[in-house]
Amino acid sequence: MKFELLTTFLEVSRTLHFRIASENLFITQSAVSARIKLLEDDLGVLLFDRSHKHLKLTTEGLRLIKHANEILFMWQKTKHDVGVAEHDAQQLAIGSLNSIWDIVLQAWLQKIHRNLDSVSLFTSTYSPMELRKNVIGRVVDLAFLFEPPFIEDLVTEKVATVPLHLVTTDPDHIEGMHVDNYIMVDYGEAVNTRHMREFQHAPPAKHFMSQPRIALNYILQAGGSAHLPRQMTFEHVEANKLFVVESAPVYHREIFAVYLAKSQKTEVIKQVIGLFPNIHF
């Protein structure tokens, strides 16, 4: 199977339009149609329902999306691994939740770059379930999660405990649990459950956002409040753009590194984990 067929399929499944997909891929619309037809013939199923005014994915097409993404990811990882081997570098595939990238991993990657010249990084973002599966399946060498998996073949190490302070853009806020335009950030089940219990009498959240960076940028532009990691808000608090609600509860979110107990890359994994500067931020 040619990889451009899968790439074309994913673009059509995203846009649900042959013409727009062709423009995004810089090929003709007839080429897009021909590739989809080749893929359908190869698989022996219809991937798109063309009987309606608007293109729709069939049940088989919906199932293929996940497999197509996995195949293309593994191909990119393979090309990268083969390429770095020529330069005596060791590839390390790191997977994480989106929010953890924002909170601690960006600066950590730079530290790896400065201190471990022989390590070539291959990073990706997954859901918690995908991260556990991909570590066991050796797709990812090292994963970062909020909730540690209790699986016998995996090593779990706590690498950080991140305090989450309630901050607001309102300099005249009244100390207490009631703040305006609260943004609920998804930090995992433990924090979400505690927040719902402690803020049950407060007005409902204005918005729900999966990443603290998005919530931070939003309230800086539009105003509002959110529980955010201390290290992300420090400079804005110092500049009087954000204000800490001192009477509000401070949540703590632990971050865990997870890897296979029998990984061939255990030595380099321990080296990169050792580059986390502190357990507590």
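Keep in mind the model is a prediction, meaning the values are calculated, not measured. The analysis underlying the following values was restricted to heavy atoms, covering all of them including side chains, and did not include hydrogens, waters or symmetry mates. One-based numbering along the sequence shown.
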Do L275 and L116 make a side-chain contact, defined as non-hydrogen atoms from C-beta onward lying under 4.5 Å apart? yes
Report task. Give a yes or no on whether L46 and L16 share a hydrophobic cluster (residues Ile, Leu, Val, Met, Phe, Trp, Tyr; joining criterion: side-chain heavy atoms under 4.5 Å apart). Result -> no
Here the pair of heavy atoms bringing N181 nearest to G223 is CB-O, 4.5 Å
Of all heavy-atom pairs linking V185 and A215, the shortest is CG2-CB, 3.6 Å
Side chain proximity check, V119 to V268, heavy atoms < 4.5 angstrom: yes
Practice task
For side-chain contact (heavy atoms from CB on, under 4.5 Å), just list the numbers for T169 and L242, CA-CA rounded to whole Å, side-chain angles, deciding distance to a tenth of an Å, and then say yes or no.
Solution key: CA-CA 5 Å; T169 54; L242 290 176; 3.6 Å; yes
side-chain contact (heavy atoms from CB on, under 4.5 Å) test vs L142 passes for just one of V258, L260, V272, namely V272
_Set out, in order, the CA-CA distance, both residues' side-chain angles and the distance that settles side-chain contact (heavy atoms from CB on, under 4.5 Å) for M209 and Y218, then state yes or no._
CA-CA 10 Å; M209 298 184 180; Y218 178 87; 3.7 Å; yes
Checking side-chain contact (heavy atoms from CB on, under 4.5 Å) for the pair I94/V140: CA distance, chi angles, key distance, verdict? CA-CA 6 Å; I94 300 171; V140 169; 5.8 Å; no
### Task
Would you check if P249 and R194 make a side-chain contact, meaning some heavy-atom pair closer than 4.5 Å?
yes
> With the 4.5 Å side-chain cut-off for hydrophobic clustering, are L25 and F3 part of the same group?
Replying inline: yes
- Query: Is there a donor-acceptor contact under 3.5 Å linking the side chains of T168 and D170?
  - Reply: no
*Salt bridge present between R14 and E11 (N-O < 4.0 angstrom)*: yes
Mind checking whether V32 and I27 have side chains closer than 4.5 Å, heavy atoms only? yes
Check your understanding: When hydrophobic residues are tied together by side-chain contacts of less than 4.5 Å, even through go-betweens, does V155 share a cluster with I269?
Key -> yes
Taken to the nearest 0.5 Å, the spacing of E70 CD from I65 CD1 works out to 12.5 Å
Closest non-hydrogen atoms of S124 and W101, given as atom of the first, atom of the second and distance, are O-NE1, 3.3 Å
Distance col, row E130:CD vs T125:OG1, nearest 0.5 angstrom, shows 10.5 Å
When rounded to the nearest 0.5 Å, the distance separating CG of L121 from CD of Q91 is 9.5 Å
Check your understanding: Would a distance-only check, ignoring hydrogens and angles, find a side-chain to backbone donor-acceptor pair under 3.5 Å from S33 to Q29?
Key -> yes
Exercise for review: Decide, yes or no, whether a salt bridge links E235 with R230 under the criterion of side-chain N to carboxylate O below 4.0 Å.
Suggested key: no
When L228, T233, N98, I183 are each screened for side-chain contact (heavy atoms from CB on, under 4.5 Å) with P212, the one that passes is L228
Heavy-atom closest pair (R19 atom, E23 atom, distance to 0.1 Å) is NH1-OE2, 2.9 Å
When rounded to the nearest 0.5 Å, the distance separating CD1 of I36 from OG of S13 is 8.0 Å
Discussion item. Is it true that H227 and Y182 share a donor-acceptor pair across their side chains at a distance under 3.5 Å?
Written reply: yes
Quiz item: Do the non-hydrogen side-chain atoms of Y126 and S96 ever get within less than 4.5 Å of each other?
Solution: no
Worksheet entry | F144 and F276 aromatic ring geometry - parallel, tilted or perpendicular at 30°/60° bounds | tilted
query = Does atom NE2 of H113 have more than 12 heavy-atom neighbours, drawn from other residues, nucleotides or ligands, at distances under 6.0 Å?
reply = no
Check whether any side-chain heavy atom of E147 sits under 4.5 Å from a side-chain heavy atom of L145, and report yes or no. no
T8 vs L39 side-chain heavy atoms within contact, under 4.5 Å = no
Taking every heavy atom of Q231 against every heavy atom of I103, the minimum-distance pair comes out as NE2-O, 3.0 Å
Do side-chain atoms of N115 reach the backbone of K111 as a donor and acceptor pair under 3.5 angstrom? yes
Taken to the nearest 0.5 Å, the spacing of L154 CG from I136 CD1 works out to 5.0 Å
Exercise for the section: Step by step, work out the side-chain contact (heavy atoms from CB on, under 4.5 Å) result for F18 and V12. Expected result: CA-CA 6 Å; F18 281 10; V12 176; 3.4 Å; yes
Any side-chain heavy atom of L47 sitting closer than 4.5 Å to one from F9?
yes
Between L97 and S127 the two heavy atoms that sit nearest each other are CD2-C, 3.9 Å
**Study point:** V104 with V250, same ILVMFWY side-chain cluster at under 4.5 Å
**Key:** no
_Exam field: side chain K265 to backbone A93, donor-acceptor pair closer than 3.5 Å_ = no
CG of L92 to OG of S263, rounded to nearest 0.5 Å, is 8.5 Å
Notebook entry, point to check: If two hydrophobic side chains count as joined below 4.5 Å and joins carry through other members, does L109 share a cluster with F256?
Noted result: no
